[in-house]
Amino acid sequence: VALGGELAEFAGRQPTALRLTEILAMKTQEGLRSILQEELPVRLANRIAHLDNLPDLEAVRDIRSVRQDFAAAFEEVRTATPENFAGVIRRFKKRNEDHALRLTQGMKAWGELQRGKGQPEETRAFIDSFLDRLFLSRIGMETLTSQYLALSTCPDGIVDLSCDPCQVCASAAKQVSDVASEYLVTVPKIEISFHGDQSARTLPLIPHYLFYIVAELLKNSLRAVGELHESGSGNLEPVQIRVASDESQVALLIMDRGGGIPFERQPHVWSYMYSTARGNRMCKQTGQILDEGDEQPSPFFGYGVGLPLSRLYAEYLGGSLHLMSMPNFGTHAYLFLQQSSDRAEALPNYVNWLRKKKLREDIQVYEAQEKLAAASRDYAEAL
Ligand code: W6P
């Protein structure tokens, strides 16, 4: 698994976090290609090195296969010509499609391997932060490669310079309600209202990412309200979306009265290792039972990575996502986004992570040496 010469060299470089304005400055595919051919290998090599730091990597097939994909992509991007670059990027994206699933399943298997080596709670926290960094880096590569491909058909690529969050919410609401009606007997209404200056209503944004976040939150809200109502213990209260903004930020609040999340489950909502997709659920249309432990992603219940991924998308865009839940009442989700297009992408810092890891190891070595020294002092005194 050791890194080859060129791979190691690129892994030692820091990825460059690009500003939205900088990404937009590349108006042509050819311009962005030359940037990508430098930057993608750095990001890929960082991710490979990151994976290689995982003990027992070889024992987990899903993780090994992701590493192989990255290594192949590194090679292909490095050796691509301007003529075949688009094909290389398309193939890379195609292979990447199920990475989230493979990485999550792989890390679950890895977690099983670690049983008996240390605290399960620490293992879970390690896995979650490991996956957070990988997925954040993935979002960055997704942005650059999607922008590259989209430039062939749209002048601004995947960026909407005057994106209206209310419109994105409305289309997410429509799509999620349609899908929900296949899985839930009763689907609550979704109400959207805007509060703020009309002049601050739009912002430069990648609408697809906002759509993903809002759709994910709405799925959870509709499901909670719908199921509470079906169990006969709740009214069919509408889910409310409030969008408020000034010239510096936009805030979105999605409120449901779906009975909330029990306090002891709340810390787990950001974990990749707890899926809410479990439990015997019937698909209303097909009658198919999505049974306990069913790991297959279904369009409505997903496989439990939606919330942590949504938070990463928010962070990538320079914003944040928070859940405030009141058990036996309902849940409020807050999403904050910066108005400015001058902010840089949020990227994981692999080099810093390695430094910290080394520092911790050094501290452990130091502590062990101190203990040894103290023990031999005690021993000498006892003599
Ligand atoms: C719930 C659980 C949840 C998670 C995320 C967003 C909204 C909601 N509502 O009951």
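The first residue in the sequence is number 1, and the count goes up from there. All ligand and atom numbering here is 1-based and tracks the order in the structure.
Near Ile261, the atoms of ligand 1 lying under 4.0 angstrom from a non-hydrogen atom of the residue are 2 (C).
In terms of protein heavy-atom proximity, atom 10 (O) of ligand 1 is nearest to Ala224 CB, 3.1 Å. For atom 8 (C) of ligand 1, the closest non-hydrogen atom on the protein side is Asp256 OD2, 3.5 Å. Nearest protein neighbour of atom 1 (C) of ligand 1, counting heavy atoms only, is Thr331 OG1, 3.5 Å. Among protein heavy atoms, the minimum distance from atom 3 (C) of ligand 1 is reached at Asn220 CB, 3.6 Å.
Relative to the ring axis of Phe135, Arg138 does not place its NZ or CZ within 45° and under 6.0 Å from the centre. Annotation: cation-pi pair Arg223/Tyr183 absent, no NZ/CZ under 6.0 Å from the ring centroid and within 45° of its normal.
Ser221 counts as a contact of ligand 1, since one of its heavy atoms falls under 4.0 Å from the ligand.
With respect to Asp69 and Arg91, no salt bridge is recorded, no charged nitrogen being found less than 4.0 Å from a carboxylate O.
Paired with His332 under the rule side chain to side chain contact (heavy atoms under 4.5 Å, CB included), one option of Ile254, Leu323, Asp256, Leu253 passes, and it is Leu253.
The closest side-chain donor-acceptor pair between Gln240 and Glu191 falls under 3.5 angstrom. In the model, Ser271 has a side-chain atom that pairs as donor or acceptor with a side-chain atom of Asp128 under 3.5 Å.
Neither the backbone nor the side chain of Ile254 comes within 4.0 Å of ligand 1, counting heavy atoms alone.
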